[in-house]
Each structure stands twice: as structure tokens, then as C-alpha cells.
Amino acid sequence: MAHQGSTSDYAPPMLREAHAHIVQHGRAMGMLRLDDCLDRDDCLQRVAMAAASAHDTPPTNWLLGVGVRAQAWPDPTYPTLDELDSILGPRPCCLWSFDHHALVANSAALAATGVRPGDPDPPNGRFVRAPGGRFTGLALEAAAKQVYSAVPEPEGAERLEVVRRALDDLARHGFEEVHDLLSQPWLGPTLAALHDAGELRARVWLYPPIDTLEAVARTRREWERPGVRLAGGKLFADGTLNSRTAWMLHPYADPIPDMPRGQCMADAGTIQRALERAHGLGLGLAVHAIGDAAVRACLDAFESSHATGRPATEPSLPAMRIEHAELIDAADVPRFARLGVVASVQPCHLLYDIEALERGLPDRLDRVLPLWELVDSGCVPGEGLWFGSDTPIVRPDPADSVQAAVRRGRAGGPRIGAGQAITEAEAWAAFGRRESSRGA
Ligand SMILES: [Zn+2]
């Protein structure tokens with residue numbers, strides 16, 4: 001899939017997508033795409049067109065959009081509840097932000113969610129209200145998830161369809177192995193059904209939420225197949241860069257009030273207990289850690305649990321992998337290779353996060369994705385350093401991550417931490433490709 005700014009038109013045959021959300025990718029493929037809207041009016045017009053073309057479907061059917069990037073608009077204001085209501089009437093609608101940490105909903109969607117203006121916000125979430133208490137339609141973090149949970153989940157044959165569609169698309173991008181980083185309890189059985197029907201296009205590793213790991217492990221014999229495997233549990237140590245909830249060692253230049261360094265969602269002690277839980281089952285742990293404080297907490301936790309002996313995980317499974325690691329303090333870089341912790345990163349996010357990084361961390365841009373230092377300190381691309389996309393949050397074109405790792409920015413745009421660039425061959429190797437036909 002050629003696109004503007006690609007560093008290479010060579011499509012490698014066999015790759016690993018180390019961080020994907022298979023079900024969300026399949027569902028997002030069926031949603032209205034809003035990534036490239038120029039402004040709020042453009043966004044509303046596209047919603048109106050989608051609503052018009054859905055006029056002959058039942059009015060209770062949801063209209064779902066994804067990819068809203070209000071931060072990039074001249075007026076960075078999300079569409080409002082009133083604007084959506086005037087377009088959609090009784091049809092429930094929600095539009096995800098590109099990073100899936102916020103959405104805007106209309107009145108019908110909020111009614112389906114069962115939330116009323118006087119209700120308290122959920123923990124770790126917020127329904128943004130206008131002065132006087134009316135909903136604006138914007139729901140953040142856990143509140144966004146609460147709205148989305150009112151959308152009917154795929155059932156029965158639709159599950160097969162969603163998962164098949166996602167894996168077929170990833171296979172078209174060259175991926176023969178896909179790691180799912182927050183697996184639904186029904187994903188394993190669905191993959192087994194696809195395998196048994198001869199329709200599974202990629203090997204899949206599953207990482208269900210750590211809280212469900214024992215329960216999922218009890219059923220694994222029923223659905224594990226050659227190429228479908230339970231690999232470990234997933235835990236969140238912090239939030240995201242764009243929402244200023246990634247947990248940092250130093251304050252943001254533009255923090256959320258009362259959260260100068262973002263938000264710790266799991267400290268080293270909590271991570272260590274999760275590690276011991278996963279290792280007790282012979283499985284690994286994948287921790288979402290974007291800020292450098294979250295990354296350090298992961299490494300501290302692993303080092304402490306390590307002190308009592310090597311974890312007895314199944315061969316070929318990493319005992320610990322840190323997901324995202326967008327900022328890493330210089331003192332922590334060598335700890336990855338020394339401890340055998342996998343850095344599972346998505347350089348493609350750099351292409352979207354440049355403005356947020358320049359605003360929030362103007363004096364620490366050299367700590368963003370320090371790929372050169374990681375490789376230099378012994379993280380072998382493809383072994384200790386893995387690339388993925390986090391699809392559907394960012395599209396899964398591997399050329400995007402290769403471009404970001406090599407050029408450290410968009411074509412013709414500013415470069416972030418240019419000294420941390422790696423070679424094109426190293427970047428493809430981080431996707432699991434053994435050698436480059438182009439050299440580097
Ligand atoms: Zn993810």
C-alpha cells in the first residue's frame with residue numbers, strides 16, 4: 001500500500017505485528033473514517049452523509065465513527081451533542097477520537113448508555129459538561145468506554161466475520177504473526193473456529209487483561225491451536241501522551257491541572273504482583289507504559305521479581321514486554337537488554353504525536369523513542385526490540401513505522417530526536433524480517 005512519505009516501496013513478505021487490537025481493527029473497518037477531516041464542519045458533513053445513506057436502516061442502529069483528531073483542527077473543538085442531535089435525531093451515534101481515549105456521543109447514545117446529567121462520573125473518566133451541568137457529548141477515558149459498552153458487541157457469526165476481516169487486512173499488509181494486546185474472552189475460541197475452517201491467515205498471540213488471565217488460562221486447552229496461543233496478561237501502568245496522562249519523571253510543559261507528571265495507573269509493586277501472577281501460570285506480562293516514569297516502574301518491578309530467580313515462562317514467550325515506551329530515561333535504556341525485557345514500540349505514532357510532543361515535552365524530545373540507544377545497548381531488532389502499530393489507533397502500514405524510525409518525522413516536516421534514528425534494515429528487522437533486500 002503505497003502512500004505519501006514512505007521510505008520504501010518494498011513490501012516484505014513475512015512480518016510480525018507486535019501490537020494490535022484485532023477485534024477493534026475489524027470493527028473499525030466497518031466504521032465511518034474521520035481521520036482526515038479538515039475541521040469540525042467537515043466532520044459534521046461526513047456524519048450527515050453517513051446518516052443519510054443509512055436512512056433505510058432501523059433508527060436504533062448505531063452510527064459509529066472513528067479517527068476524530070480535533071487537536072489538529074484550526075478550532076480544536078469536538079462536535080457537540082446539539083450538533084449531532086440535529087443531524088441524527090433518534091439514531092445513537094458515537095465518534096471515537098483517533099487515540100480511542102475520548103469520544104463524542106449524541107443524546108440517543110447517552111440515553112442508551114443510561115447516564116444522566118446529575119450522575120457522578122465513573123472512576124478514571126469524565127462526561128464533560130457545560131456550565132449548568134448539561135452534557136456536551138464529549139466523554140473521556142472510562143466515560144468513553146462506558147458509552148461504547150452500550151453499542152451491541154459482535155455476536156455469533158459476526159464475531160467470525162470481524163476477526164476474519166481484521167486478520168485478512170493485516171495479512172494484506174504482510175503480517176503473518178499478530179499479537180493482540182487486550183484480548184476479549186471470546187477471541188481465542190473465534191480464532192480456533194477460523195483455524196479449524198482453514199481460514200486463519202496469521203498466527204496470533206493473545207494477551208487478555210491480567211485480571212482475567214487465570215480464567216482464560218483455564219479454557220486455553222479448548223481453543224489453543226498451532227498458531228493460536230495464550231502468551232500472557234496485559235496491564236496498564238499509565239495513560240496517553242495526547243491526554244497528558246502518560247506518567248512522567250518530569251512535569252509536562254502543558255499539564256492537566258493537579259496532574260503535573262500525568263497519571264500512575266499501576267506502581268512498581270502492583271506491576272510486580274501482576275508479573276508474579278502471570279509467571280505463576282508460565283506466561284508473560286505486557287505492560288502499557290508510555291511515560292518514562294511508567295517505564296521505570298516496569299523495569300524496577302521486573303528487577304525485583306527477578307531477584308528471586310528466573311521466571312519459568314514457556315520457551316519463546318517474553319517474561320515481560322513494555323508496550324509503547326514512548327519516553328525512556330537514559331539511565332533506563334541499558335536495563336532492557338540487561339534484564340531481557342522486550343521493548344515493544346510503535347514508531348508510527350511519532351508521525352501523529354509530533355505537535356503534542358513539542359507542546360508537552362519541548363526540552364526532552366531527545367528521550368522520545370530512543371531507538372538508536374536501545375539497539376546500541378544490545379536490544380536486537382526483532383528479538384529485544386519489536387515494532388507494531390497499535391491498530392486501529394494508527395493504521396497498520398509497516399512502512400509508516402519504518403519511515404518514523406529512520407526519518408524521525410513526517411516527510412518534509414520537523415524531526416524529533418534525530419540522533420535516535422536507526423537504519424531501514426534495522427527497522428524492518430524489528431518487524432521480524434531477517435534481511436533487507438535493499439541494504440542500509
Ligand atoms: Zn494498544
Side-chain angles (χ1 to χ4, degrees), residues 16-29 31 35 66-67 69 96-103 124 140-142 144-145 148 162-163 166-167 169-170 173 175 177-185 187 202 204-213 231-243 245-247 262-263 265-266 271 274 278 284-291 294-295 298 318 320-327 341-353 356 369 385-398 400-401 404 430-431:
R16 177 207 305 119
E17 160 62 84
H19 190 123
H21 301 279
I22 293 171
V23 172
Q24 278 89 335
H25 182 66
R27 291 180 84 181
M29 286 175 73
M31 292 183 197
D35 312 67
V66 66
R69 194 174 285 281
W96 276 110
S97 68
F98 72 101
D99 65 359
H100 287 239
H101 286 260
L103 60 72
N124 294 323
L140 308 177
E141 303 288 347
K145 292 196 180 107
Y148 194 59
V162 163
V163 172
L167 289 176
D169 183 58
L170 291 168
H173 283 92
F175 295 113
E177 180 173 308
V178 178
H179 297 179
D180 188 79
L181 266 300
L182 200 63
S183 308
Q184 294 77 0
L187 181 58
V204 180
W205 286 16
L206 289 88
Y207 286 88
I210 184 71
D211 290 340
T212 69
L213 191 58
K234 167 95 183 271
L235 175 74
F236 284 81
D238 67 353
T240 70
L241 269 178
N242 273 280
S243 64
T245 49
W247 179 28
Q263 186 176 14
M265 295 187 181
I271 298 166
L285 183 71
V287 188
H288 165 117
I290 289 182
V295 169
C298 291
M320 183 184 223
R321 44 188 291 175
I322 299 181
E323 304 302 314
H324 313 305
E326 283 208 41
L327 252 77
V341 170
V342 169
S344 170
V345 301
Q346 303 80 36
C348 49
H349 286 229
L350 203 57
L351 306 177
Y352 299 94
D353 288 351
L369 286 179
L385 176 67
W386 293 356
F387 280 4
S389 68
D390 208 2
T391 185
I393 293 175
V394 166
R395 66 180 185 176
D397 187 340
D400 289 353
S401 274
F431 276 115

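Note that this is a predicted model, so its numbers are computed, not measured. Start at 1 and go down the list; that is how both ligands and their atoms are numbered.
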Could you walk me through whether H25 and D169 pass side chain to side chain donor-acceptor pair (under 3.5 Å), step by step?
CA-CA 9 Å; H25 182 66; D169 183 58; 2.8 Å; yes
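With no hydrogens or angles considered, no side-chain donor-acceptor pair links Q346 and S389 at under 3.5 Å. Side-chain contact of H21 with D390: a donor-acceptor pair under 3.5 Å is present, judged by distance alone.
Aromatic ring pairs are classed by plane angle as parallel below 30°, tilted from 30° to 60° and perpendicular above 60°; the pair W386 and W205 is perpendicular. Between H324 and H349, the angle of the ring planes lies from 30° to 60°, which puts this pair in the tilted group.
Neighbours of the Zn ion (ligand 1) restricted to protein N, O or S atoms under 2.8 Å: the count is 3.
Screening R321, H19, K234, E323 for a side chain to side chain donor-acceptor pair (under 3.5 Å) with Y207, the sole residue that qualifies is R321.
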